[in-house]
Structure formats: structure tokens, C-alpha cells
Amino acid sequence: MSATAKQFKAAGDDVWKNKTDKISSELFTMTYGSLVIQLIKDYQDYAEVNKQLDKMGYNIGVRLIEDFLARSNISRCSDFRETGEIVAKVGFKMFLNVTPAVVHHDGRSTASGTASSSSSANTNGSAATAAPALGGQEFSLILDENPLSEFVELPPDAREGGLWWSNVLVGVLRGALEMVQLQTAPYFVSDVLRGDEQTELRVRLVKFLDEEAPPADD
Amino acid sequence: MAATLPGPSSHALPPITTPRNNAGPSQPPSSSTLITPHTLALSLPHPPHADPLVDALPYQLLLAEMPATLRHSARRAIRRRKALLRDMEEAGLAVEAEESSGAAAMAKEEEAELEARMESVGASVGANLAERLSRDRPPLNSTLDVLKFLCKDFWIALWEKQVDGLRTNHRGVYVLQDHHFKPLLRISTPHGTASAAAIAKVYLPHSVGLLRGALARLGVQATVVAESGGQAGATGASVAATTFHVRVASAGTPAGSGSSAANLGANVS
């Protein structure tokens, strides 16, 4: 792990240990699970359920980020790569007590199929919005632990119907990152609940949002 | 009681210390790879100390978003049901006439459906949580034991405190009082501050469901009704004061009243 990655990990661990009001993960899992099941009953359309989970996640994300910034004291990311590291090592750690592995894809690699983390074209950690070439920058979060899906089993028609059980995370990331001026398109690539080998949540950077005054918050 | 894994005399599967790495690079693949962390967790008795934790905020935000989300899904379900009724009517089948179709009636129906969903989500969580919590404890032999368990362990797991008062008439009616009911404290919603009464209206059904679900899973069929200070238009600290009236199904009805449990709540005690 690089020096900064270690710092992020230490920061995440610190917030989790010292600045977190904790509850049972099962309570969270059960509540989320009951909600998803009710949505499935009501919409009877897995694509629609995915969409509603995303929407709900967005609303959660825009509030979660404020808390994240207040508690973690992380300063502004210098590049999208760093964003990925912080999301995984600090964000996920402090809120869900899990640390997904991060894989960076900068869209420029020609390696055979597997994601490579070729050196970023970004120079030093300038705080300015120096926009690197947006050659499809993405990072993947590989969740080998996922509190939302503990003890969950999908019935075959949910699998085939395209349900992403944890799709709320897509919305949370989208909402949270938007509030720090990053327009992103997160999406699930695979999910062990669907019988895939791993659970991968990929986050694509769409564009940097212009600096503007934050919306009036009342 | 600091042990995290059960000792050799337990009923669990043989301990696997590194479930994720049980097929090391030099070993041939074996069926022990079927034992994922999930299946392992299911097979072992659940030690209370190893209860995994998450931050409280995501859970609180999830609860805060639930009403809007369920209202939207309720609307979809209502629309679908109405479309089905229309189809049946067109097909010539006799259909119960809808009572009224004005906007007010629609809104009322939506509220009722939302409340039902909040309660149902609560019931499912309450049942599972009660089961989990009661697993490692001595069996609950009487209805009163069940109520006491709910007033203590269950309430603490959910709201970090015990119930403040439990009364019973020893004929199947129990009254649980919480002077500072957590869901009604520090009220704020993502959609702006709403009156305490509006909040209570939306979240109390969820709490009622939690309680009703827990009771049912522990073998007690009962109706549960809640009332909070907020509903009575009270202000200040009493806004969060909440009373739950539990009426066990086999209880005899009070002489002459024929009342539902809701009427008990109307009496100021």
C-alpha cells in the first residue's frame, strides 16, 4: 500500500474507532432488506426497483457527505484516483465498517483484460481543478463484505430480472460525490448474490462540476 | 463471557479459523470452499459479543428516506390495483364500487397504504431482531416474560434505553411507556422540518410494527396501538413521550365496552 493509501486507511480506522455512533449491523441489514422486498412487491419490476433504490440512495448520499467531511477531516482529493482510495478506505470504513478493495481504471491501459493501475498522468497534488484527460476514468470497489446483503439469497427471477440488491450504494455514491463537485456514474458490474464471483461496484467519472455556491440549505 | 467462537462441546461445525483461505495455494480444491463466511455465520450460534456493527447514520438516513420511498411505491401499487379493477369491470365482472374517487380520498388511501407499509417493514425487522436477541438468552416462558424482554433487551437494541414503565391489568393488556422515545427525538427530515405530529404519524406505525412483529415471533399474538405526546398537540419534552398499548389476542374484553385497543389510549392515565 502506498504511503497515502496507508494514511487513508489510518484515517478511516480512526474515525470508525473514535468518532462513530454505532448500531448493530443486523438491524441495518434487516431494515434495508425488508424495504427492498416491499419495493419488489409494489413495483413488480426489477429495473424500477433498481431505479428507486438509486434515487433513495442519492438522497441519503447528499446528507452523508456532510457528515463524512465533518468527521473525517479529509482534504480535497487531488485526483479521481485519490477519490477512489478515500471512498473505500475512509468512507466505507467509517459508515459500514468494511474496506472494499479498489481497482483503478484510467481507460488508457492496454493491458490484457484485467484492470491495470498504470501511473496516473496527474502531476503533484495540486488542489486546483486541473482536469486530467477524462479518458474514461473509473475505479472499482470490490466488496468482499457487504452489510446490506448479509444472509440474503435472491430468488432466481430476481437474478434474471436484473435486480441489484445493493443498488442504494450506487445512489449514495452518486449523491455524495456530486456534492464535492464530481459528477459520476456508479454502477454494479457483478454481485455474489447473483452468483457472480465477486461484488464489483464501478464508479465512472463523468465530469468535474463547476464551482458554484452550494444550494441554500434550510 | 469473552469467548467468541464456541468450544469443542458446542453443536457447531468444527471451527474453521480462516474461512476465506481454507483452500490455500498448495492444496487441491475441496468442498470446504463451499463454507463461505455466510454459511459459516449461519451455522454457528450467534455470540452476542461478535455482533458486527455499522455507523448509526446510514441507518438513520435510511429510516428518514423510507416514508418517501414507500409512499412512491404505494402509489404504484394503488395504481396497479385500480387498473386491475377497471379491467375486471370492463370484462364484465362484478366489482365492488370504490367508495369515492376524489383527491382527498386518494390522499387518504395513500396515507393508509404508507402506514401499512411502514408497519409491515417494522414487523419483519422486529420479528427477526427479537428472534436473534432471544436466541442466547433463557427461554421466555410467559407472556409477561416476553413483555419484560421487549421492554429491556429489545428496546435497548433498537433505542438504547429501556422502557420507562410497564403496566398490566393481568388480563392481557400491557401498557409500555417511554418518556423519551428515540424516533421522536431530534426530529428532522430531509424535506424540511415538519411538525412533531406529522413525524409521529409516519414513524409510529414503524415502531408499532417492530413491537407487533417481535411479539408474534415470540409467540404472542397481540394488537398494538401507539400514541405520542405529539399527537395530542403537546409541546416540549412530552412530544417524545410515547405509550404503546398491547392487547393480547386471547384477552377478555372489558365489560360492555366492545372497544378496540385504540380507545384505551384515549384515557389519560
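Because only heavy atoms are used, hydrogens play no part in the values below, and waters and symmetry mates are left out as well, while side chains stay in. Chain letters run A, B, ... following the sequence lines, proteins first and then strands; every chain starts at 1.
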- [ ] Please assess Trp155(B) against Phe244(B) for the test ring-ring contact (aromatic ring centres under 6.0 Å, His included), listing each intermediate value before the final yes or no.
- [x] CA-CA 12 Å; Trp155(B) 226 258; Phe244(B) 293 87; 5.4 Å; yes

Task: Stepwise side chain to side chain contact (heavy atoms under 4.5 Å, CB included) test for Ser228(B) and Phe181(B) - done: CA-CA 9 Å; Ser228(B) 74; Phe181(B) 190 49; over 6 Å; no

Task: Worked check of side chain to side chain contact (heavy atoms under 4.5 Å, CB included) between Leu173(A) and Thr184(A) - done: CA-CA 8 Å; Leu173(A) 287 178; Thr184(A) 58; 5.6 Å; no

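Only the backbone of Met94(A) comes within less than 4.5 Å of a heavy atom in chain B; its side chain stays farther off. Contact annotation for Leu63(B): only side-chain heavy atoms (C-beta onward) come within less than 4.5 Å of a heavy atom of chain A. In this structure, the portion of Lys55(A) lying under 4.5 Å from any heavy atom of chain B is its side chain and not its backbone. Contact of Arg80(B) with chain A is made through the side chain alone, with heavy-atom distances under 4.5 Å. Of the atoms belonging to Ala74(B), it is backbone heavy atoms, and not side-chain ones, that fall under 4.5 Å from chain A.
Note on Ser73(B), Ser120(B), Ala56(B): by heavy-atom pairs under 4.5 Å with chain A, the leading option is Ser73(B).
A ring-centre distance under 6.0 Å is found for Phe80(A) and Phe139(A).
Ion pairing of Glu48(A) with Arg76(B) is present here, as a side-chain N (NZ or NE/NH1/NH2) and a carboxylate O approach within less than 4.0 Å.
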